[in-house]
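Heads up: the structure comes next, in structure tokens.
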Amino acid sequence: MESCFHYFAGIDWGSEKHRVCLMDREGRTLEERWIEHSGSSLAELTGWLRQRTAESPAALAAAIEVPRGAIVETLLEQGFTVFSINPKQLDRFRDRYSPAGAKDDRRDALVLADSLRTDRHCFRAVRIDEPAMIRLRELSRLEDELGEELNRAVNRLREQLHRFFPQLLQVCASADEPWLWALFEAAPSAARATRLSQSKIAGILREHRIRRLDAAQVQAALKGKPLTLAPGAAEAAAEHALLLLPRLRLLDQQRVDLARRIDAILKELASAPEGRTEHRDAAILLSLPGLGRKVAATMLSEASQAIAERDYHALRCYSGVAPITRQSGKKKAVVMRQGCNERLRNALYHWARTSVVWNPVSKNTYAQMRSRGHSHGRALRGMADRWLKVLVCMLRNNTLYDLQRRPA
């Protein structure tokens, strides 16, 4: 393969140290070494590579599995070209050198360098995202993590209430609302709940702006017949539940704060000048029906390179929308793609689901696919695929969504 690169470096990433293999374009191994994960060692690595490439970073290409991190950013900042590869693909390349399945860091670095030399089309060039995009990715992932932690804590609270105080679950079955936590804190036992006045309950409901219930309904539920438990069981469960409340409030407040920060970043990106096309992408995404803050943040942060390159094929594969065909002889099967970015898959699922509710064209298309025998999930993946095609077209033309321009 004709290449503008004269040297190829394979880097097997590690938590404490990295293995580096340097190779020329004829496939001869020039040198191998270990690099510690520290600022001085990474500076030493770039200096060594510059020396071996005669002070010409453009002559060297580096291959690595992890497409981000300190070592990738250091190499890119110094002018080197970095390519990444899916670990599953690297595992297949490894079989070239060891059919028996042997694996070690030294061999992986060699495989990375030699595979980049011979099969560069299988690798993906890595580029540094803008600071706003890096921050958006971090906050978006943290929001998902906080949501999972909050759900775990809520489930623990609900289990304790179900254990000794199920009357509270009659007014809030999921036990995930702050007003219920305040109500439980005011009356942490069935005996105290029966003595809770309507004015106190009304104050809690008013403070948290709860209008679907009134104080009389809540009081009637609290006065229901309590469970009969062993002595001390109710007190122990109540103490357990009360200890969960500060954690629940902290997680809930952090999630609200994160939502505000993400919304501010998206507004900043969407209001950028016309000349900044990569920032204009946020406004285009947010103009699509059914695509809200969380989906837009996930797509911009997880598929930033594919969106910047307007690569429809990469988007549909990376999000799991594109199916997999398995054919051998007379057998042929088309199955759902499993190897993809899970956060991006979930984002497109919710985008397609909400667009079916709010967009008449999507609702009609979804109904047609269901009438042809497609399952709910298969129909939503089809809807997501159509929306990706619309999105890429809008990105290429730098236009916002207009329902009147889309055929029924």
Side-chain angles (χ1 to χ4, degrees), residues 1-91 93-94 104-138 278 301-306 308-309 311 314 318:
M1 177 185 295
E2 293 295 329
S3 173
C4 60
F5 301 111
H6 298 281
Y7 302 93
F8 300 89
I11 304 172
D12 184 67
W13 186 90
S15 58
E16 297 180 357
K17 59 181 181 179
H18 318 290
R19 181 70 176 183
V20 182
C21 173
L22 184 63
M23 182 179 293
D24 64 14
R25 64 188 305 170
E26 280 74 35
R28 293 187 294 265
T29 300
L30 302 178
E31 191 174 346
E32 295 179 280
R33 62 168 60 185
W34 288 101
I35 299 295
E36 299 291 332
H37 190 73
S38 64
S40 58
S41 295
L42 294 183
E44 179 186 344
L45 169 65
T46 57
W48 168 57
L49 293 176
R50 280 183 173 274
Q51 181 183 7
R52 295 307 301 257
T53 58
E55 299 295 328
S56 178
L60 180 138
I64 193 170
E65 289 181 84
V66 183
R68 61 180 62 90
I71 189 169
V72 174
E73 292 163 9
T74 299
L75 290 171
L76 290 173
E77 288 290 343
Q78 293 298 319
F80 296 100
T81 306
V82 181
F83 293 86
S84 67
I85 189 171
N86 188 285
K88 184 178 289 187
Q89 283 182 290
L90 178 62
D91 188 50
F93 279 125
R94 192 184 295 118
D104 57 53
D105 296 338
R106 179 178 176 275
R107 187 186 303 274
D108 284 351
L110 174 67
V111 171
L112 280 164
D114 201 28
S115 300
L116 180 62
R117 181 181 68 88
T118 60
D119 297 271
R120 183 153 55 92
H121 63 281
C122 294
F123 289 74
R124 181 173 61 91
V126 179
R127 65 178 180 86
I128 296 181
D129 287 323
E130 291 193 357
M133 205 62 68
I134 295 174
R135 183 181 173 216
L136 181 64
R137 180 186 300 119
E138 199 69 25
E278 67 277 6
S301 59
E302 297 296 333
S304 56
Q305 189 165 343
E309 295 171 355
D311 193 337
Y318 199 42

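Count residues from 1 along the sequence.
Of all the heavy atoms in Ala113 and Gly10, the pair that sits closest is CB-N, 3.4 Å. Minimum interatomic distance between Phe8 and Arg25 (heavy atoms only, all atoms of both residues): CE1-CA, 3.9 Å.
A heavy-atom distance below 4.5 Å is not found between the side chains of His37 and Glu16. Taking 4.5 Å as the limit, every side-chain heavy atom of Asp105 sits out of range of all side-chain heavy atoms of Arg107. For the pair Glu65 and Asp12, the minimum side-chain heavy-atom distance is below 4.5 Å. Using a 4.5 Å heavy-atom cutoff, the side chains of Ile85 and Leu116 are not in contact. Tyr7 places none of its side-chain heavy atoms less than 4.5 Å from the side chain of Leu49. No side-chain heavy atom of Leu112 sits under 4.5 Å from any side-chain heavy atom of Ile64. Residues Leu110 and Thr29 meet the side-chain proximity criterion, which asks for heavy atoms closer than 4.5 Å.
Ring planes of Phe83 and Phe123: perpendicular class, angle over 60° (limits at 30 and 60°).
With sequence neighbours excluded, the residues forming a side-chain contact (heavy atoms from CB on, under 4.5 Å) with Thr46 are Thr74, Leu75, Gln78, Phe80, listed by chain and number. With sequence neighbours left out, Glu32 forms a salt bridge (charged side-chain N to carboxylate O under 4.0 Å, His left out) with Arg19, Arg106. Applying the side chain to side chain donor-acceptor pair (under 3.5 Å) test to Glu31 and every residue at least two apart in sequence or in another chain returns Arg33, Trp48, Arg52. With sequence neighbours excluded, the residues satisfying side-chain contact (heavy atoms from CB on, under 4.5 Å) with Tyr318 are Ala303, Asn341, Leu344. By the side chain to side chain donor-acceptor pair (under 3.5 Å) test, Ser41 is found to be paired with Ser38, residues two or more places apart in sequence or in another chain being considered. Legend: residues meeting side-chain contact (heavy atoms from CB on, under 4.5 Å) with Ala314, ordered by chain and number and at least two apart, are Ala306, Asp311. With sequence neighbours left out, Glu77 forms a side-chain contact (heavy atoms from CB on, under 4.5 Å) with Ile128. The side chain to side chain donor-acceptor pair (under 3.5 Å) search around Asp24 returns Arg28, not counting sequence neighbours. Here Asp91 pairs with Arg94 under the salt bridge (charged side-chain N to carboxylate O under 4.0 Å, His left out) rule; sequence neighbours left out. In this structure, the side chain to side chain donor-acceptor pair (under 3.5 Å) partners of Ser304, at least two apart in sequence or on a different chain, are Asp129. Residues passing the salt bridge (charged side-chain N to carboxylate O under 4.0 Å, His left out) test with Asp114, sequence neighbours excluded: Arg117.
Rounded to the nearest 0.5 angstrom, His6 NE2 and Glu26 CD are separated by 10.0 Å. Rounding to the nearest 0.5 Å gives a distance of 10.5 Å between CD of Gln89 and CZ of Arg124. Taken from CD1 in Ile11 to SG in Cys21, the straight-line distance is 10.5 Å, to the nearest 0.5 Å.
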Checklist line | side chain to side chain contact (heavy atoms under 4.5 Å, CB included) between Val82 and Ile71, worked out | finding: CA-CA 10 Å; Val82 181; Ile71 189 169; over 6 Å; no
Note to self: Does Val126 form a side chain to side chain contact (heavy atoms under 4.5 Å, CB included) with Leu76? I'd like the steps, not just the answer.
What the structure shows: CA-CA 8 Å; Val126 179; Leu76 290 173; 4.1 Å; yes
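Between the Gln305 side chain and the Ala125 main chain, a donor and an acceptor come within less than 3.5 Å of each other.
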